[in-house]
Asker: 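One structure is given below, represented as structure tokens, and several questions about it will come after.
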Amino acid sequence: MSEQTTAHGAQPEHPGRTALITGASRGIGLATARRLAQESDISTIILVSRSAEDLDQAVGQLSEEGDGSTRFVPCVLDVGDRSALKRSAKRLFDEVGPIQLLVNNAGYTNPVPLQQVTMPDFERTMEVNLYAPFLLVKTLLNRGNVFDLIVNVASTAGVTGRSGWLTYSASKSALITMSEVMREELSIYGTRVACISPGRTATALRRVLAPDEDPSTIMQPEHVAEVIGALTSPVGAYIDSENIIVRQ
Ligand SMILES: NC(=O)c1ccc[n+]([C@@H]2O[C@H](COP(=O)([O-])OP(=O)(O)OC[C@H]3O[C@@H](n4cnc5c(N)ncnc54)[C@H](OP(=O)(O)O)[C@@H]3O)[C@@H](O)[C@H]2O)c1
């Protein structure tokens, strides 16, 4: 899997904070990038996904919608590829600079009955949903990065296990607990760690989980992005960040 980074948009005269969002080419991640671009103190947003084409499209849209004050940096990366993730994190830190806001949002699911779960697929689920957020944080910390805020996107399926979603529920449940540990360990650096658990949200991933559902009847990605936006704003410091449930 190739890893590319190209900056789009103006370099602000007074650089503000940098945000990195994984899974930012569509769904909740793209809506979050759009929301964070409205925060005046965020001047650079790094968008991660596997598809260069989708990322270019997302960056094109965001650049058109904005006033040119935010720099968008696409990064083509499979977060489930450990070596590529470590290389990209180091390169982004060296080339783009410190990352103050990290949104671990990329997710994977392949819902099947328990008897049909394969170990490679279980491992892939854990790589993307659990190990990637851990490794991204660890690699950047060891590079000297100091985060203001880390937001891990879990799921209500990680709070209550769902029939047919064994691997997904297990990975999200572990992400919720891992966030609590990160929150305690990183508080000495002034880093806040929040975990959010959205319920049903109209995205491509939701279509995999519930193919027959009418997307207009459930929460939209923008609603989840608003909550992430609130966490990054000054008022976010007053939000108790222990697994925030976001649902209709
Ligand atoms: N939608 C819901 O109902 C719901 C509910 C609770 C929690 N969530 C969580 O919300 C997060 C976002 O999901 P979504 O619903 O917005 O899904 P989505 O619309 O399918 O978007 C997923 C994003 O992640 C990227 N991605 C997937 N695998 C990746 C990988 N291995 N490496 C890098 N990027 C990857 C996708 O781009 P590429 O495919 O091009 O890589 C895409 O940009 C996930 O963690 C999901 O578990 C969703």
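Throughout, residue positions are numbered sequentially from 1 according to the sequence presented. Both ligands and their constituent atoms are indexed starting at 1 by order of listing.
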Asker: Starting from atom 24 (O) of ligand 1, what is the nearest protein heavy atom, named by residue and atom, and what distance separates them?
Answerer: Gly23 CA, 3.0 Å

Asker: Could you tell me if the side chain of Met178 sits less than 4.5 Å from the side chain of Pro133, heavy atoms only?
Answerer: yes

Asker: Between Arg124 and Asp78, is there a salt bridge with N-O shorter than 4.0 Å?
Answerer: yes

Asker: One thing to verify: whether Arg17 and Asp41 come together as a salt bridge, which I'm taking to mean a side-chain N less than 4.0 angstrom from a carboxylate O.
Answerer: yes

Asker: Measure from atom 4 (C) of ligand 1 to every heavy atom in Ser155, Gly199, Ser25 and give the option owning the shortest one.
Answerer: Gly199

Asker: Taking N or O atoms only and a 3.5 Å limit, does Leu205 qualify as a polar contact for ligand 1?
Answerer: yes

Asker: Taking N or O atoms only and a 3.5 Å limit, does Asp78 qualify as a polar contact for ligand 1?
Answerer: yes

Asker: If you measure every N or O of Pro198 against every N or O of ligand 1, does any of those distances drop under 3.5 Å?
Answerer: no

Asker: Measure the OG1-CG distance between Thr44 and Leu92 for me, rounded to the nearest 0.5 Å.
Answerer: 11.5 Å

Asker: Take a 6.0 Å sphere around CZ of Arg247 and say whether it holds more than 12 heavy atoms from other residues, nucleotides or ligands.
Answerer: no

Asker: Which residue, Leu30, Leu47, Ile45, forms the side chain to side chain contact (heavy atoms under 4.5 Å, CB included) with Ile21?
Answerer: Ile45

Asker: Could you identify the single nearest non-hydrogen protein atom to atom 41 (O) of ligand 1 and state the distance to 0.1 Å?
Answerer: Arg50 NE, 2.7 Å

Asker: Specify the protein heavy atom at minimum distance from atom 47 (O) of ligand 1: its residue, its atom name, and the distance to 0.1 Å.
Answerer: Tyr168 OH, 2.6 Å

Asker: Of the protein's non-hydrogen atoms, which lies at the shortest distance from atom 32 (N) of ligand 1, and what is that distance?
Answerer: Val79 N, 2.9 Å

Asker: Check each atom of ligand 1 against the heavy atoms of Val153 and keep those under 4.0 Å away; list them by number with element.
Answerer: 9 (C), 10 (O), 11 (C), 45 (O)

Asker: Any side-chain to backbone donor/acceptor pair from Ser233 onto Ala230? Under 3.5 Å, distance only.
Answerer: yes

Asker: Run the numbers for me: atoms of ligand 1, each under 4.0 Å from some heavy atom of Ala106, listed by number.
Answerer: 24 (O), 34 (N), 35 (C), 45 (O)

Asker: If you count the atoms of ligand 1 from 1 in the order shown, which ones are under 4.0 Å from a heavy atom of Ser51?
Answerer: 40 (O)

Asker: What distance separates Ser51 OG from Asp56 CG, expressed to the nearest 0.5 Å?
Answerer: 8.5 Å

Asker: Mark up the atoms of ligand 1 that fall under 4.0 Å of a heavy atom belonging to Gly107, in ascending order.
Answerer: 27 (C), 28 (N), 44 (C), 45 (O)

Asker: Regarding atom 45 (O) of ligand 1: of the candidates Thr109, Asn105, Val103, which has the closest heavy atom?
Answerer: Asn105

Asker: Provide the number and element of each atom of ligand 1 under 4.0 Å from a heavy atom of Gly27.
Answerer: 16 (O), 19 (O)

Asker: How far is atom 15 (O) of ligand 1 from its nearest protein heavy atom, and which residue and atom is that?
Answerer: Thr203 OG1, 2.5 Å

Asker: With a heavy-atom distance limit of 4.0 Å, tell me whether Leu77 approaches ligand 1 through its side chain, its backbone, both, or neither.
Answerer: backbone

Asker: What part of Arg124, side chain, backbone, both or neither, has a heavy atom within less than 4.0 angstrom of ligand 1?
Answerer: side chain

Asker: Where does Tyr108 meet ligand 1, judged by heavy-atom distances below 4.0 Å: at the side chain, the backbone, both, or neither?
Answerer: neither

Asker: Closer than 4.0 angstrom, basic N to acidic O: yes or no for Arg35 and Glu222?
Answerer: no

Asker: What distance do Ile245 atom CD1 and Ser197 atom OG have between them, rounded to the nearest 0.5 Å?
Answerer: 4.5 Å

Asker: In a check of side chain to side chain donor-acceptor pair (under 3.5 Å) between Tyr108 and each of Asp121, Asn129, Thr125, Thr167, which one passes?
Answerer: Asp121

Asker: Stepwise, does the side chain to side chain donor-acceptor pair (under 3.5 Å) test hold for Ser179 with Asn152?
Answerer: CA-CA 7 Å; Ser179 303; Asn152 293 327; 3.0 Å; yes

Asker: How close does the nearest protein non-hydrogen atom get to atom 3 (O) of ligand 1, and which residue and atom is it?
Answerer: Thr201 N, 2.8 Å

Asker: For Ala24, which part has a heavy atom under 4.0 Å from ligand 1: side chain, backbone, both, or neither?
Answerer: backbone

Asker: If you count the non-hydrogen atoms of other residues, nucleotides and ligands that lie under 6.0 Å from CD in Gln57, is the total more than 12?
Answerer: no

Asker: For ligand 1, note which part of Ala154 has a heavy atom under 4.0 Å away: side chain, backbone, both or neither.
Answerer: backbone

Asker: Between Thr22 and Asn104, do the side chains contain a donor N or O and an acceptor N or O under 3.5 Å apart?
Answerer: no

Asker: Could a heavy atom of Glu127 be found less than 4.0 Å from some atom of ligand 1?
Answerer: no

Asker: Side chain or backbone, does Arg200 bring an N or O within less than 3.5 Å of an N or O on ligand 1?
Answerer: no

Asker: Could you tell me whether Asp240 and Arg183 have a side-chain N and a carboxylate O separated by less than 4.0 Å?
Answerer: yes

Asker: Backbone or side chain, does any N or O of Asp54 fall under 3.5 Å from an N or O of ligand 1?
Answerer: no

Asker: Considering only non-hydrogen protein atoms, determine which one is nearest to atom 18 (P) of ligand 1 and report residue, atom name and distance to 0.1 Å.
Answerer: Arg26 NE, 3.5 Å

Asker: Polar-atom distance check: Ile28 versus ligand 1, any N or O pair below 3.5 Å?
Answerer: yes

Asker: Using side chain to side chain contact (heavy atoms under 4.5 Å, CB included) as the criterion, point out the one residue from Val48, Val59, Ile46 that pairs with Val73.
Answerer: Ile46

Asker: Closest non-hydrogen protein atom to atom 34 (N) of ligand 1, residue and atom name please, with distance?
Answerer: Ser49 CA, 3.6 Å

